[in-house]
Amino acid sequence: MLQSKLFTKTRKEAPRDEVSKNAALLIRAGYVHKEMAGVYSYLPLGIIVLKKIEEIVRKEMDAIGGRELVLTALQRKDVWEKVGRWDDNTVDVWFKTNLKDGMELGLGFTHDEQLVNLLTEYVHSYKDLPLYLYQIHTKFRNELRAKSGLMRGREFLMKDLYSFNATEKEQDEFYEKIKIAYMNIFRECGIGDITYFTYASGGTFSKYSHEFQTISDAGEDTIYVDEAKKIAVNDEVLNDEVLVGAGLDRKDLVVKKSIEVGNIFKQGTKYTDPFGLQYQDESGQKKSVYMGGYGIGVTRLMGTIVETLSDSVGIVWPESIAPFKFHLVEILGGGDAHKVKESAAELYKALGGDDIVLYDDRDLRAGEKFSDSDLIGIPWRIVVSGKTLEGGMYEVKNRRTGEVKMLLLQDLLAI
RNA sequence: CGGAGUGUGGUGUAACGGCUAACAUUCCUGUUUUGGGAACAGGCGACUCUGGGUUCGAAUCCCAGCACUCCGACCA
């Protein structure tokens, strides 16, 4: 991608009202635009990152039998009334609207009810199970207070998977698989070593749920971490019973602030029973379906990665989700501009072109280009200039470590 | 929803109740430059959040509303 053609612009200063580190950097680097409190538009650079995160999530969900679908953002009142959750006093994050004829609609803040209701038309037999359905979709929540940039928004992207099993045992087996899939996702997104499997308070059905918490001072949660065992307990359920269940000793725990990047719930028949979602087993007997819900805030995950991995001069993307692998920066001054451009264009192709390389072809001074490069945070910066042409090598800088090396083309391609 | 703070060109800031609202940056033209946000010259860009009030006169003082940020509560 030619940087001159990329619809984006960096800025030296973040807007004064954007205090959170993740949003300030993403705005300055041109990934997102703030529309209002808790509501952000994603610019071309931002959508590339978001899509890469989504692809990691999809890959892991598909690997454990997930099937993707998209439910509607507009939701029916009658479906919600079946479980008594339409009332604003019960659910305080509703955004509601009306059809022209006055009928009330809700903008989905979750899709458990809607999906269960939908499945009553499709699931009747043990042969229809198990079923693992997920979507990556915008959620709307009328938060009393949006905050922390992308972390707690009113409109945000979420991956929500729902499991439907014939037996509790089958669900438990799936639950173990999703734990692994989730840790894979966070590891692939570069925050595996600071993200902890965490015991948390449960829903109505199960005693506990589990969360995935990433250590960060910007977090809203407080957790107690056993760093050796890589397990944590949320402050809200810290008691002896939980500690014993988790195999933890109070004296091994350290208290940390953290961001909840994912959570998983066993919901039992909490939703399936009210909707009458049942199946007939081999003997023709009707039985309840066991359900589970598994969420990852995709945009929150993006914010968390920026929040935890960036440094004083800008964002540091892990290679897996960086918008580009290489940032090719040509420096025209002090050399034969024509030759430098020629060399840069050749290298651009050799490295893989449009999707792999962001090519800073803008006619700017070196300092400004380097600053932009640091801010945007692409893993490898490659400088082509009169200097590098002379030596027949390329200057390669690792954004994360800051290490600078002079490499021949073949070594560069091997990165 | 309770408390606090802040609203001035796109962005960051300035302006005693008193001249045509200033400076920097961004952006546009041109010249000269070119390895860590260059220099010079010229130019575009603001009903000072909105509505009332006080005053000869309001960006400035008062009231109300709205927005944003922070703290708290809340967070299936």
Side-chain angles (χ1 to χ4, degrees), chain A residues 9-20 23-24 27-28 30 33-39 75 80 83-94 106 108-116 139-149 151-154 156 158 160 162 200-206 209 211 218-221 234 236 259-260 263-265 267 270-271 291-295 297 300 313-314 329-337 340 360 362-375 381-391 395 397 402 404 406:
Chain A
K9 179 177 266 307
T10 57
R11 48 181 77 196
K12 281 188 186 176
E13 289 160 306
R16 190 174 55 134
D17 62 5
E18 194 62 82
V19 174
S20 85
I27 289 169
R28 283 185 52 211
H33 176 260
K34 182 179 189 168
E35 295 294 339
M36 61 185 107
V39 181
Q75 298 190 336
W80 283 94
V83 285
R85 295 223 292 160
W86 177 253
D87 192 83
D88 285 345
N89 295 317
T90 310
V91 175
D92 64 358
V93 296
W94 270 123
F109 65 92
T110 185
H111 287 80
D112 306 68
E113 285 83 350
Q114 185 185 356
L115 181 58
V116 172
K139 295 269 188 282
F140 299 92
R141 294 187 188 181
N142 201 348
E143 297 284 355
L144 254 48
R145 182 183 161 203
K147 60 172 172 174
S148 310
M151 303 299 192
R152 179 170 292 278
R154 296 198 166 97
F156 60 94
M158 180 165 175
D160 43 331
Y162 304 93
S201 63
T204 327
F205 182 79
S206 60
S209 71
E211 296 170 342
E220 298 182 302
D221 287 8
N234 196 307
E236 64 195 8
I259 302 163
E260 181 187 337
N263 66 352
I264 57 179
F265 276 88
Q267 294 157 323
K270 174 184 170 189
Y271 296 108
M291 182 177 174
Y294 316 86
R300 176 184 282 187
V313 288
V329 178
E330 64 179 19
I331 304 296
L332 299 179
D336 182 333
V340 169
D360 189 351
R362 301 172 303 166
D363 187 15
L364 296 173
R365 297 168 66 86
E368 193 170 348
K369 289 187 161 199
F370 292 155
S371 294
D372 272 359
S373 181
D374 289 339
L375 180 59
R381 187 190 78 190
I382 303 167
V383 175
V384 177
S385 69
K387 251 195 226 176
T388 66
L389 278 186
E390 265 174 45
E395 179 192 299
K397 181 181 172 190
V404 180
M406 299 301 291

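Quick note on labels: first sequence line is chain A, next is B, and so on, each numbered from 1. The shown structure was predicted, so the numbers you read here are calculated from the model rather than taken from an experiment.
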Distance between [atom1] atoms of [N] and [M] (Å, rounded):
N: B/A15; M: B/C23; atom1: C1'; answer: 10 Å
N: B/C61; M: B/G17; atom1: C1'; answer: 8 Å
N: B/C47; M: B/G42; atom1: P; answer: 26 Å
N: B/A58; M: B/U50; atom1: C1'; answer: 16 Å
N: B/A59; M: B/A46; atom1: C1'; answer: 11 Å
N: B/G10; M: B/G5; atom1: C1'; answer: 25 Å
N: B/U25; M: B/G37; atom1: C1'; answer: 11 Å
N: B/U34; M: B/A39; atom1: C1'; answer: 12 Å

- line: Ranking A/Ala146 and A/Thr10 by the position along RNA chain B of their nearest nucleotide, the one closer to 5' is A/Thr10

Of A/Lys34 and A/Lys369, the one whose closest RNA chain B nucleotide lies more 5': A/Lys369

Using side-chain heavy atoms (C-beta onward) and a distance below 4.5 Å, is [X] in contact with [Y]?
X: A/Glu395; Y: A/Met406; answer: yes
X: A/Lys139; Y: A/His111; answer: yes
X: A/Phe370; Y: A/Ile331; answer: yes

- prompt: Just by modelled atom types, is the A/Arg28 backbone N or O under 3.5 Å from a matching donor or acceptor in the A/Thr10 side chain?
  reply: no

Nearest 0.5 Å, please: how far is [atom2] in [Y] from [atom1] in [X]?
X: A/Arg85; Y: A/Tyr271; atom1: CZ; atom2: OH; answer: 4.0 Å
X: A/Leu144; Y: A/Arg152; atom1: CG; atom2: CZ; answer: 10.5 Å
X: A/Glu368; Y: A/Lys12; atom1: CD; atom2: NZ; answer: 7.5 Å

Pair A/Arg381 + A/Asp360: basic N to acidic O under 4.0 Å: no

- prompt: Taking NZ, NE, NH1 and NH2 as the nitrogens, is one of them in A/Lys270 or A/Asp112 under 4.0 Å from a carboxylate oxygen of the other?
  reply: no

query: Between B/G36 and A/Lys397, is there an OP1 or OP2 to side-chain N/O distance shorter than 4.0 Å?
result: no

field: A/Arg365 side-chain N/O to B/G37 phosphate OP1/OP2 under 4.0 Å
entry: no

Nucleotide forming a Watson-Crick or wobble pair with [N], both distances under 3.5 Å:
N: B/G42; answer: B/C28
N: B/C16; answer: none
N: B/A4; answer: B/U69
N: B/C61; answer: B/G53

message: Once you apply a heavy-atom cut-off of 4.0 Å, does A/Thr388 come out as touching a base, just sugar-phosphate, or nothing?
response: base

- request: Check every strand shown and say whether A/Val19 touches a base, only sugar-phosphate, or nothing at a heavy-atom separation below 4.0 Å.
  value: sugar-phosphate

message: Could you walk me through whether A/Asp372 and A/Arg362 satisfy the salt bridge (Lys or Arg N to Asp or Glu O under 4.0 Å) test, starting with their C-alpha distance in whole Å, then the side-chain angles of each, then the deciding distance to 0.1 Å, before giving a yes or no?
response: CA-CA 11 Å; A/Asp372 272 359; A/Arg362 301 172 303 166; 2.9 Å; yes

message: So for A/Glu368 and B/G36, does any side-chain atom that can act as donor or acceptor lie under 3.5 Å from a complementary atom in the base?
response: no

Nearest listed nucleotide, side chain of A/Met36, among B/C27, B/C68, B/G37: B/C68

Calculate the interatomic distance between [X] atom [atom1] and [N] atom [atom2]; express it in whole Å.
X: A/Asp363; N: B/G35; atom1: CG; atom2: P; result: 13 Å
X: A/Ile27; N: B/U26; atom1: CD1; atom2: C1'; result: 16 Å
X: A/Leu364; N: B/U33; atom1: CG; atom2: P; result: 18 Å
X: A/Met151; N: B/C70; atom1: CE; atom2: C1'; result: 16 Å
X: A/Asp360; N: B/U34; atom1: CG; atom2: P; result: 19 Å
X: A/Glu18; N: B/C70; atom1: CD; atom2: C1'; result: 12 Å
X: A/Leu332; N: B/U34; atom1: CG; atom2: P; result: 12 Å

query: Under 30°, 30 to 60°, or over 60°: which ring-plane class applies to A/Trp94 and A/Phe109, parallel, tilted or perpendicular?
result: perpendicular

query: What string of B, S and - do you get for nucleotides 71-76 of chain B 5' to 3' if you count protein non-hydrogen atoms under 4.0 Å?
result: BBBSBB

field: Nucleotide-resolved protein contact map, nucleotides 6-15 of chain B, B/S/- at heavy-atom distance under 4.0 Å
entry: SSS--SSS--

